[in-house]
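Here's the structure, in structure tokens; my notes come after.
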Amino acid sequence: MAKTYDYLFKLLLIGDSGVGKTCLLFRFSEDAFNTTFISTIGIDFKIRTIELDGKKIKLQIWDTAGQERFRTITTAYYRGAMGIMLVYDITNEKSFDNIKNWIRNIEEHASSDVERMILGNKCDMNEKRQVSKEKGEKLAIDYGIKFLETSAKSSINVEEAFFTLARDIMTKLNRKMNDNSSSGAGSQSLRNNTTKLLLRAPLNVDCDTQNTKWILLTKPIDLSGSSFSDMEAMKWRHKCNMATN
Amino acid sequence: MAESLPEHDRILQEIESTDTACVGPTLRSVYDDQPNAHQRFMEKLDACIRNHDREIEKMCNFHHQGFVDAITELLKVRADAEKLKVQVTDTNRRLQDAGKEVIAQTEEIIRCRVQQRNITTVVEKLQLCLPVLEMYSKLKEQMNVKRYYSALKTMEQLENLYLPRVSQYRFCQIMIENLPKLREEIKEISMSDLKDFLESIRKHSDKIGETAMKQAQQQKTFSAPLQKQNNVNYGRNMCLGRSRILESKNEITLKRTFEEDDEHEEEVLTAQDLVDFSPVYRCLHIYSVLGDGEIFENYYRKQRRKQARLVLQPQSSMHETVEGYRRYFSQIVGFFVVEDHILHVTQGLVTRTYTDELWNMALSKIIAVLRTHSSYCSDPDLVLELKNLIVVFADTLQGYGFPVNRLFDLLFEIRDQYNETLLKKWSGLFRDIFEADNYSPIPVGNEEEYKTVISKFPFQDPEFDKQSFPKKLPMSQSVPQIYIQVKEFIYASLKFSESLHRSSTEIDDMLRKSTNLLLTRTLSSCLQNLIKKPHIGLTELVQIIINTTHLEQACKYLEDFISNITNISQVTVHTARLYGLSTFKDARHAAEGEIYTKLNQKIDEFIQIADYDWTMSESDGRASGYLMDLINFLRSTFQVFTHLPNNNNDHAAMSGKVAQTACMSACQHLSTSLMQMLLDSELKQISMGAIQQFNLDVIQCELFASSEPVPGFQGDTLQLAFIDLRQLLDLFMVWDWSTYLADYGQATSKYLRVNPSTALTLLEKVHRGMKDSSKKNNIFAQFRKNDRDKQKLIETVVKQLRSLVNVVRVTGAENIRKILLGEHTLVSTQWPQSTQIILGSHTLLGSIGDLHRQRRKILARVFSRAALESYLPRIQKVVSWELQGWCMEPGSIAVYSSAKTLTFRIAAQILLGLRLEEKQFKDLARTFEQLVENLFSLPLNIPFSGLRKGIKARDMLHEFMEKAIQEKLKRNNTEDHSDALDFIINSAKEHGKEFTMQELKESAIELIFAAFFTTASASTSLILLLLKHPSVTEKIRQELMSHELYQRCECCPAGPRPDTLTTQSKDNEKSLLHPTAKDARKDQSQPLGPREEGINLEKLSRLSYLDCVIKEVLRVLPPVSGGYRTALQTFELNGYQIPKGWSVMYSIRDTHETATVYQSPLSGFDPDRFSAAGTEATGRFHYIPFGGGARSCIGKELAQAILKLLAIELVSTARWELATPSYPTMQTVPIVHPVDDGLQLYFHPLQASCGSEA
């Protein structure tokens, strides 16, 4: 099966109900806008492939329900996320105030190195603004998070927001990879070599054939001498995360 | 001479009396007679003259006196005459004088008279001329004052009356000449007048029409209430607001209508009011007077026709406003009102036919115009107004007696158009409603809000009423809105039908039809569009499903609503019902379908981000991330699905069902997607590690399926979605190829759902992966024998699978005939490799072509009639002996095993002529069984493999056989050949071919193999079927009795005995025999005693019923269910191409079961079906227990004989019963036999009581 992408980033959209998460996603994935408010029930996702530095990146963006009653369903998705968009509505003070709670939520449920970003949505409705841009920026600075004011309706900053988040994740990934593969092959050579490099980890497998149950005894993977592609590294990291969790 | 005298007298007389002219001839006659006659005649003549002179003298004398007297007298008169003369002359003179005066006067008088007469004449003439002149001057005068008609009259008078009388005068001539000119002049003048008139009516027809239409409308509006309240005081009161004139007019109209007067007069009045018609009359008069009526008529008609055409030509922009239409209609009405007026007022200027023709022309044109113009119309209101206009128009003209039906027909067309525009409009409305909906249930905070909703939409739910406020209605806000809009539509649609002169039934019908259209087309397509919208998610779809249910329920209320409007009770009318139901059902299905599609799309998206490392050597023991995400997503989606807000009523059940189906479809889709991923042709190799990883993922899927993501699934229904994958992966993980291949095609197979081609594809990938990886690690691989073995195994399995994949199953007499008879040409026998290895290369079944023919010929001797005859008694003895053993056994007998022992004994002792110790025999039997068991194994000669075991068994058997044959060959010289090996050896010699030891060994093993299992199987089937059908057993027994074979066991061969005695003695013999059974067994091979020779082939063949029974046993349970052949060339079978090299499996069992010959009387066990003559003839390929063609069973006769002997022995010596609670199931592969040797029977000797007595 031919692989159609180089990276897969999982992003998450969170924020109060009605701030426009679904609309942002709809704008980003379909470049369309729907005025009617249809509240998201449970969870949904969209996938869009973008190109960054010549790499094909699949963004799987999870759209969560803002409503309290779906909180249990949605928090389950925090952990796998590599980037989280915190969205508030600039015409709704309360949604802005709640950003703090959302950040707490992230700290509680998401992995610690998750990339975050704050979006003040509905910036086309300036006349109804309740939260000033400065206030938003200040909050972002306080938390050390990037900030953008967006409008799904007028298509302002939507692309930028997602691209920024994707780039941040990529940067972090590259940095980590460089840290990990200190020996040998840099990313430069890998970029030229597009063929898939194999992650070969010698594992001992004990097969109890009668019960057809497979017990895997994992040994630390010996990385020396084997070269890693960016992708493999990322996957590796991801697997490690899974393991530690 | 005497005689001449008289003759002269007579001539004289004659001369005197006749004329002188005739004297000549008379005289001649005198001369002619005699020469002297002339003399005498002369004399005579003188005589006569004298006579006459005398007479004259006498006379004169006598009249002389008288003469003298007369003269005297005359002299006297002369004097008197003179006197008289004078007197007369005198008188005459006097008279002459007097007459002169008179004449003068007379002349005077005559002159006067003439004068008088002339004067009278002049007077008369003058009197004639004067009126003419007068008339003429009148004419002139009339002309001057433009009284043309009177002028014409005058002219006519002049011409007809006056002028003819005085035509001689010059002035008259001039007049006559002038008159036509005058007429022309008049014509011209009147024509120009007419033209002016035409101009004016053209100008005014608009007005006329408008007025006429107004009147018609008013009349209608007034007559409508009038119809209802007949004696209401109408008139002034009702028209207070209107102008005086109108009022009075209306009054007139009303009165007239009411008095049923002719309406025309009144309307004509208005026409006359507006237009002066006199020019027409005048013109008409003038022309008709002038005799040019026709020309005028033509001219008029032509002109009017032209006008009509002009009038009918609509303005291009007409359709834009109602005014345009109104003007158009007014003009037309005006035109026809004028025509009508003219028709009624003038005589013959226009005729009814003319106006009708004109009207028809107009009508067609109007309809055409309206049709085109109304089609531009997109505004329903405008269409509605247009319709009203048309109605008024039609009504007006109908009032004038014009047929307007076609207009009403047109109205129906326009109605459709109207409905169409309505539908268009409503489609937009619906779209907006759907667009604005939030697809969440309508919250109702209190009773009031609830009532507001309920007032808009019929909703009843006692359950719902019980809940306390605030609560949520099941449907979303679009439902009441849609409902209201449908009602609005019905109103709008109804508007058109008003004043269309249609019955309420028709209107009802129409309303229903258009409502149906709205529901089935507009709403339906809106719904379908909505469902496909990208922003409509799963929850919205569920809400749509709920919404449609409510709308569907509301359909009933819509029907009531329509009935209320039209006053048609639903009970009486069974016309068009609303079938909106289907719309909503369809929409619901579409929504459900969309749910499944959406879910599948999501799954696809996940699948697309799957990134298996297909070359991984080992799995890390965790399911793939994408799959966990996918399963989490599905889980939460279904969680939301089943916890939708309104789970308190039947909708929850409904959406629950949708959720179930959705879940099932999602699982199936996931399963197929995963399978596709595995089998993807672009994926060339898969490592076992990847399969492990994949297996982990599938386990996750199964866990998900078993965790009841949606309630209501029975057992492991959902898990079954992954069964194909599961079995496939199990097969690979356990590496259970032998089981798979062995059980292939059986319903009980553990890997039933694994398609060989699927397995093949995957295995090839794994193989490739393995080769690849071993290539990489080749330094180590060389030392890894394990790997090599595995690869070898894979290669073999791949071959096996290939043969499974390319198998064509053949049934049916005709097809099988072709296959069986096509041996050596179309097809060739095909035995598994393992069989060939184990049995060797010198076997009959392994050989082909000429070699096969030759072998078969040699071996045929073994089964010749003579050979059979020689086997028979010995076989009988073995059977009898074995049976006794069965009967003696206190416990149950496993029939199949025992039958195998029996048949092996027959094969070993009789066919091979082996003399064996019982222990030796048992060892041999065990070894042989091992050989046969492994005949169909994977052709892998590796330790502990089936093939290895089979080969071992073969080698042992060969060893044994070699010894036995050597012995035999030594003994051979002395003994008569009586076993099969003897037959083979001799037959081979006869055919000029010496069999080698190897050949002999192999042939011997083959013979045993061929006879052993199949006959055992058939024997078991025979026993089973006889047990099941005691009546058949009884019939056999009777047949045996009738052939005196039932007493066969009798000790004394001397004649028949009473039954009791017979059995008695038989039992006696048995009881004697039993204790010494073991001894007896030892010397079985010894020549049989004479008493046992009772049976022979001829006797057997006489048992026709038994024959039928055996046939039927072999039909119902053919030991071999089918056989394999390989296509030697591509050929066609029953319309199918069978490619060269493919395997063909022909099914004996299926053919037996499906052949129509055996369908009646019943397809069950029934030996009598073969007793009917000619059954066999119908087609021998219906019945193929022994196969057919070149490879038909060579031991057929022997097998049948063994079975018959067994049957005879059984029936006459034993009875048997089931030791298990039920009959065992039969397994068909590789040979028919009871599953797990499950046929356990108790055998009892017949008359056991007697036996014990003895």
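Per chain, numbering begins at 1; letters A, B, ... match sequence-line order. Since the model is a prediction, treat every value here as computed from it, not as a measurement.
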What part of [X] gets closer than 4.5 Å to chain A, counting heavy atoms only: side chain, backbone, both or neither?
X	value
Lys602(B)	both
Glu435(B)	both
Phe633(B)	both

[X], [atom1]: over 12 other non-hydrogen atoms inside 6.0 angstrom:
X	atom1	value
Lys46(A)	NZ	yes
Lys128(A)	NZ	no
Lys56(A)	NZ	no

* Contact check, side chains of Phe45(A) and Asp629(B), non-hydrogen atoms, under 4.5 Å ->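 Of all side-chain heavy-atom pairs linking Asp629(B) with Phe45(A), none is under 4.5 Å.
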* **Residue among Asp736(B), Asp437(B), Ile609(B) with most heavy-atom pairs under 4.5 Å to chain A** =>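 That would be Ile609(B).
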* Asked: Highest number of heavy-atom pairs under 4.5 Å with chain A: which of Glu605(B), Glu540(B), Gln608(B), Arg635(B)?
  ->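 The answer is Glu605(B).
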* What distance do Thr637(B) atom OG1 and Ile43(A) atom CD1 have between them, rounded to the nearest 0.5 Å? ->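 Result: 8.5 Å between the selected atoms.
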* Asked: Counting N and O atoms only, with roles assigned by atom type, does the side chain of Tyr77(A) sit under 3.5 Å from a partner on the main chain of Asn632(B), one being a donor and the other an acceptor?
  ->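 Here the side-chain-to-backbone pair exists.
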